[in-house]
Amino acid sequence: MTDQKKLNEEGIRIGILRILDHQRKHSNNQPGGASGLLLMELLGIQDVLEIESALNWLKDNRHIEIGERKFLITARGTEYLAHYLT
């Protein structure tokens, strides 16, 4: 894997976590979250496989969980994001 591809994948994962964290904090619907389609639109991703790979990595590392038709950030994901952004 090239360094550029690795950077891009990490950027997508952080982008997903930032969106889910924002939804958690600002959603009138509890719990807040986002669908895969919304994530793709907000991140400008056309390739389903690209976002699927990032979502699987986040799920496997327990940074997100799957709610009712949407993805949700976990406490572990919030910690990971905070550590990454500091």
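Please read these numbers as outputs of a predicted model, since none were measured by experiment. Throughout, residue positions are numbered sequentially from 1 according to the sequence presented.
Rounded to the nearest 0.5 angstrom, Met40 CE and Asp47 CG are separated by 7.0 Å. Taking CD of Gln23 as the reference point, atom CG of Leu38 lies at 6.5 Å (rounded to 0.5 Å). Separating the CD1 atom in Ile64 from the CD1 atom in Ile16 is a distance of 6.5 Å, to the nearest 0.5 Å. For the atom pair Thr86 OG1 and His83 NE2, the distance stands at 6.0 Å (nearest 0.5 Å). Atom CD of Gln46 and atom CD1 of Ile51 lie 11.0 Å apart (nearest 0.5 Å). Distance check, rounded to the nearest 0.5 Å: CD1 of Ile45 to CD1 of Ile12 gives 4.0 Å.
The pair Arg18-Asp21 does not count as a salt bridge, with every side-chain nitrogen at least 4.0 angstrom from each carboxylate oxygen.
Counting heavy atoms from C-beta on, the side chains of Tyr80 and Ile14 come closer than 4.5 Å.
Within 6.0 Å of the CZ atom in Arg62, the count of heavy atoms belonging to other residues, nucleotides or ligands does not exceed 12.
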Go through it in stages, so that I can follow the logic: the residues are Asn8 and Glu50, the test is side chain to side chain contact (heavy atoms under 4.5 Å, CB included), and I'd like the CA-CA distance, side-chain angles, deciding distance and then a yes or no. CA-CA 10 Å; Asn8 189 41; Glu50 193 174 5; 3.2 Å; yes
Side chain to side chain contact (heavy atoms under 4.5 Å, CB included) assessment of Phe71 paired with Lys59: CA-CA 9 Å; Phe71 298 95; Lys59 184 175 158 265; over 6 Å; no
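Across His63 and Arg76, no two heavy atoms sit closer than the pair ND1-O, 3.5 Å. Nearest heavy atom pair, residue Ala54 against residue Arg13, reads CB-CG, 3.9 Å.
Tracing side-chain contacts under 4.5 Å through hydrophobic residues (I, L, V, M, F, W, Y), one reaches Ile19 starting from Ile73; they form part of the same cluster. Residue Leu17 is grouped with residue Leu85 when hydrophobic side chains (ILVMFWY) are merged at heavy-atom distances under 4.5 angstrom, including chains of intermediate members. The hydrophobic clustering, which links ILVMFWY residues whose side-chain heavy atoms are closer than 4.5 Å, places Leu72 and Trp57 apart.
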